[in-house]
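Here the structure is laid out as structure tokens; the discussion comes afterwards.
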Amino acid sequence: MQLLDTHGRIATDLRVSLTDRCNLRCQYCMPPEGLDWMPTEEVLADDELIRLIRIGVELLGVRDVRFTGGEPLLRRGLPGIVAATKALEGTPRTAITSNGLGLKHTARALAEAGLDRVNVSLDTTDPETFRTITRRDRLDDVLDGLAAAKAAGMTPVKVNAVLLRGINDLEAPDLLRWCLKHEYELRFIEQMPLDAQHGWSREAMVTADETLALLSEHVDLEPQGGRGSAPAERFLVDGGPQTVGIIGSVTRPFCGDCNRVRLTADGQVRNCLFAREESDLRAALRGGASDEDIAHRWVAAMATKLPGHGINDPSFLQPTRPMSSIGG
Ligand code: SAM
Ligand code: SF4
């Protein structure tokens, strides 16, 4: 069995949201007061989660497992979940996407548990701008987390940045210089309409073209081919070897090559970030379904995967779940 959709795409990259909670309040993601978090009994327990990941990997061909959220480091069982995933047949590649808070204390244990890679979200290295974007004064913790991930050998450490017009867009070249100096691989992600407060607007979004123009005033960028199913278009910086990535989710969609599927912390399969429907694997799991039955439900969930996210269609409707609850 495999996670094949009706457009011929096969999902082998599973994004698992471990929690919808977070200790930052990034403007493009959450309102200042946070959100109504999922009730604990709705969130999959570690053993339930590991069972679903096992079904994905051992029965359905998943090769990569990325843990995200919310903030995945807030999940106490994370090292155990990583170790259990790494021990599965076929030894999937493992990664987390994290805001980096607390990574300083956990990077080594996570690497020892088998975590291969870390993406840390960092939009600025200016403490004031950091506070404006995340509404918390925690820049130093993120920088320490990045350094700890590198020291623990989870390289190349990647940095994800979202540019906000009038807030950090003009800092993009500085952020790139800083990442090059520390040997972190920077990728700029276009802001998507996935914030809980529905504040996204096309005009405010800093596009991939604008980002490239901003960077090109300071560095020479040479496009690298061979993007495959990776969302980032990569550019050699000043002749290389280091690169910068641009993820034009809105203006340069990569849906035709998508190999992803998502599992939320409350056990719902989503075949796309922007899907408006979910499949409830938790109900099946708690109702006593066999592994094969759950696998069949998962396969069926892929059939409704649309060819594209539709953000650029006039009829586009933002999904009900925000990014922090889907798992970015
Ligand atoms: N808390 C972790 C973090 O910030 O890395 C993991 C979850 S977060 C939702 C995953 C990624 O989504 C982060 O890199 C974040 O910058 C990005 N993100 C959040 N909201 C976004 C939006 N509206 N548009 C584009 N990227 C967004
Ligand atoms: Fe938290 Fe990540 Fe959302 Fe920022 S982007 S509020 S760190 S979940």
Side-chain angles (χ1 to χ4, degrees), residues 15-35 37-38 66-75 78 95-103 106 117-124 129-139 141-142 145-146 149 157-165 167-169 175 179 184-202 204-208 211 231-232 245-254 260 262-265 270 273-274 309 311 316 318-319 321-328:
R15 312 263 149 161
V16 182
S17 174
L18 295 180
T19 176
D20 61 335
R21 294 171 193 244
C22 193
N23 37 16
L24 293 183
R25 295 287 182 272
C26 304
Q27 284 190 23
Y28 46 75
C29 184
M30 277 191 203
E33 66 278 13
L35 296 165
W37 310 126
M38 279 174 198
R66 175 172 294 274
F67 299 103
T68 177
E71 178 43 48
L73 294 181
L74 292 178
R75 179 106 182 199
L78 180 58
I96 58 168
T97 299
S98 164
N99 64 24
L101 299 188
L103 190 54
T106 50
R117 294 269 191 277
V118 176
N119 286 34
V120 174
S121 302
L122 176 70
D123 306 319
T124 173
T129 314
F130 185 90
R131 201 169 349 181
T132 302
I133 295 176
T134 67
R135 306 186 179 105
R136 297 287 186 273
D137 196 5
R138 305 287 304 270
L139 175 63
D141 293 310
V142 181
L146 272 163
V157 174
K158 294 187 182 172
V159 168
N160 290 354
V162 176
L163 295 179
L164 299 177
R165 194 178 300 290
I167 298 179
N168 66 336
D169 50 347
L175 185 60
C179 286
Y184 303 138
E185 200 176 307
L186 176 62
R187 301 120 47 86
F188 290 99
I189 308 174
E190 277 180 347
Q191 190 185 354
M192 293 180 277
L194 285 170
D195 56 310
Q197 59 280 33
H198 292 240
W200 181 87
S201 78
R202 188 171 297 274
M205 172 183 61
V206 179
T207 64
T211 305
I246 304 283
I247 304 183
S249 323
V250 179
T251 65
R252 302 176 178 200
F254 33 86
R260 296 175 179 194
R262 293 181 149 80
L263 181 65
T264 63
R270 295 180 63 91
L273 251 184
F274 293 92
H309 55 46
I311 302 175
F316 173 75
Q318 185 172 331
R321 269 189 205 255
M323 179 79 128
S324 56
S325 165
I326 297 171

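We count ligands from 1, going down the list as the structure has it; atoms in each ligand are counted the same way.
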Quick one: which ligand 1 atoms are inside 4.0 Å of a heavy atom on [X]?
X      : result
Gly70  : 1 (N), 2 (C), 6 (C), 7 (C)
Val162 : 16 (O), 26 (N)
Asn99  : 2 (C), 3 (C), 5 (O)
Asn160 : 14 (O)
Met192 : 22 (C), 23 (N), 24 (N), 25 (C)
Thr68  : 6 (C), 7 (C)
Ser98  : 2 (C), 3 (C), 5 (O)

Listed protein N/O/S atoms, distance to atom 4 (Fe) of ligand 2 under 2.8 Å = Cys26 SG
Just heavy atoms, cut-off under 4.0 Å: does Thr97 contact ligand 1 by side chain, backbone, both, or neither?
-> both
Indicate whether the side chain of Arg270 and that of Thr264 have a donor and an acceptor atom separated by less than 3.5 Å.
-> no
Can a donor-acceptor pair be found between the side chains of Glu190 and Thr207 at a distance below 3.5 Å?
-> no
Going by heavy atoms in the side chains, are Asn99 and Arg138 under 4.5 Å from each other?
-> no
Check whether any side-chain heavy atom of Pro31 sits under 4.5 Å from a side-chain heavy atom of Arg25, and report yes or no.
-> no
Do [X] and ligand 1 have an N or O pair less than 3.5 Å apart?
X      : value
Met323 : no
Ser324 : no
Asn119 : no
Gln191 : no
Glu71  : yes

